[in-house]
Amino acid sequence: QVQLVESGGGLVQAGGSLRLSCAASGSIFSINAMGWYRQAPGKQRELVATITSDGSTNYADSVKGRFTISRDNAKNTVYLQMNSLKPEDTAVYYCVVFKGDGLDYWGKGTLVTVSS
């Protein structure tokens, strides 16, 4: 089992910034990738960004150039720096860990609200 603790969500005005953090603990060996998904009210959960153990990143087109994902392997923590936030970025953001055995683990989510 992997436990994930997310932090950093909150209320911010459009154009502002937030930084999300997600610390993993437990069976943290063989983690292939870590990332963030989000789910807005009435919408399906969608990919925001992922980062592999060697630092390769992938972003949704909607956040490219505004969000940056990073990872501290020593702390088993993944970060999401979100700049130039827009009201459409309002969602619950979920941290996810993908392990080499094919299993994935999800955090409980942290709410990000961007006011116009």
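Salt-bridge formation is detected for the pair Asp61/Lys64: a Lys NZ or Arg NE/NH1/NH2 atom is positioned less than 4.0 Å from an Asp or Glu carboxylate oxygen. Ion pair Lys108/Glu6 not flagged as a salt bridge, since none of the NZ, NE, NH1 or NH2 atoms sits closer than 4.0 Å to an Asp/Glu carboxylate oxygen.
Side-chain contact between Val97 and Leu103 is absent, with no heavy atoms from C-beta onward closer than 4.5 Å. You'll find the side chain of Trp36 reaches within 4.5 Å of the side chain of Cys22, heavy atoms only. Inter-residue side-chain proximity for Val78 and Ile51 is flagged as met; some heavy-atom pair is nearer than 4.5 Å. Using a 4.5 Å heavy-atom threshold, the side chains of Leu80 and Thr68 count as separate. Side-chain contact between Met82 and Tyr93 is present, with at least one heavy-atom pair separated by less than 4.5 Å.
Taking OG1 of Thr113 as the reference point, atom CG of Leu11 lies at 6.0 Å (rounded to 0.5 Å). Atom CG in Asn32 sits 11.5 Å away from atom OG1 in Thr50 (nearest 0.5 Å). For the atom pair OG of Ser70 and CZ of Arg19, the computed distance is 6.0 Å after rounding to the nearest 0.5 Å. A distance of 14.5 Å separates OG1 in Thr57 from CZ in Phe67, rounded to the nearest 0.5 Å. For the atom pair Arg66 CZ and Ser84 OG, the distance stands at 7.0 Å (nearest 0.5 Å). The CG atom of Asn73 sits 7.0 Å away from atom OG of Ser53, with the distance rounded to the nearest 0.5 Å.
Between Phe29 and Lys99 the shortest heavy-atom distance is O-CE, 2.9 Å. Heavy-atom minimum distance, Ser27 versus Val2: O-CG2, 3.2 Å. Summarising the geometry of Leu85 relative to Leu18, their closest heavy-atom pair is CD1-N, 3.8 Å, with the distance given to 0.1 Å. The shortest non-hydrogen separation linking Ser17 to Asn83 is OG-OD1, 2.9 Å. Across Leu20 and Gly9, no two heavy atoms sit closer than the pair CD2-N, 3.6 Å. Pro87 and Ser116 make their closest contact through CG-CB, 3.9 Å (heavy atoms, listed as atom of the first residue, atom of the second, distance).
The closest donor-acceptor contact from the side chain of Asp89 to the backbone of Ala91 lies at 3.5 Å or more, if one exists at all. With hydrogens and angles disregarded, a donor-acceptor distance shorter than 3.5 Å links the side chain of Tyr59 to the backbone of Ile69. No side-chain donor-acceptor contact under 3.5 Å links Lys43 to the backbone of Arg38.
Checked by atom type, the side-chain pair Tyr37/Arg45 shows no donor-acceptor distance below 3.5 Å. Side chain to side chain, Thr77 and Asp72 fail the donor-acceptor criterion of an N or O pair below 3.5 Å.
Using a 30° and 60° split on the angle between ring planes, Trp106 and Phe98 fall in the perpendicular class, above 60°.
By the criterion of side-chain heavy atoms lying less than 4.5 angstrom apart, applied directly or through intervening Ile, Leu, Val, Met, Phe, Trp or Tyr residues, Val96 is grouped together with Val92 in one hydrophobic cluster.
Note that Arg71 lies outside the cation-pi zone of Tyr79, set by a 6.0 Å cut-off to the ring centre and a 45° limit from the axis.
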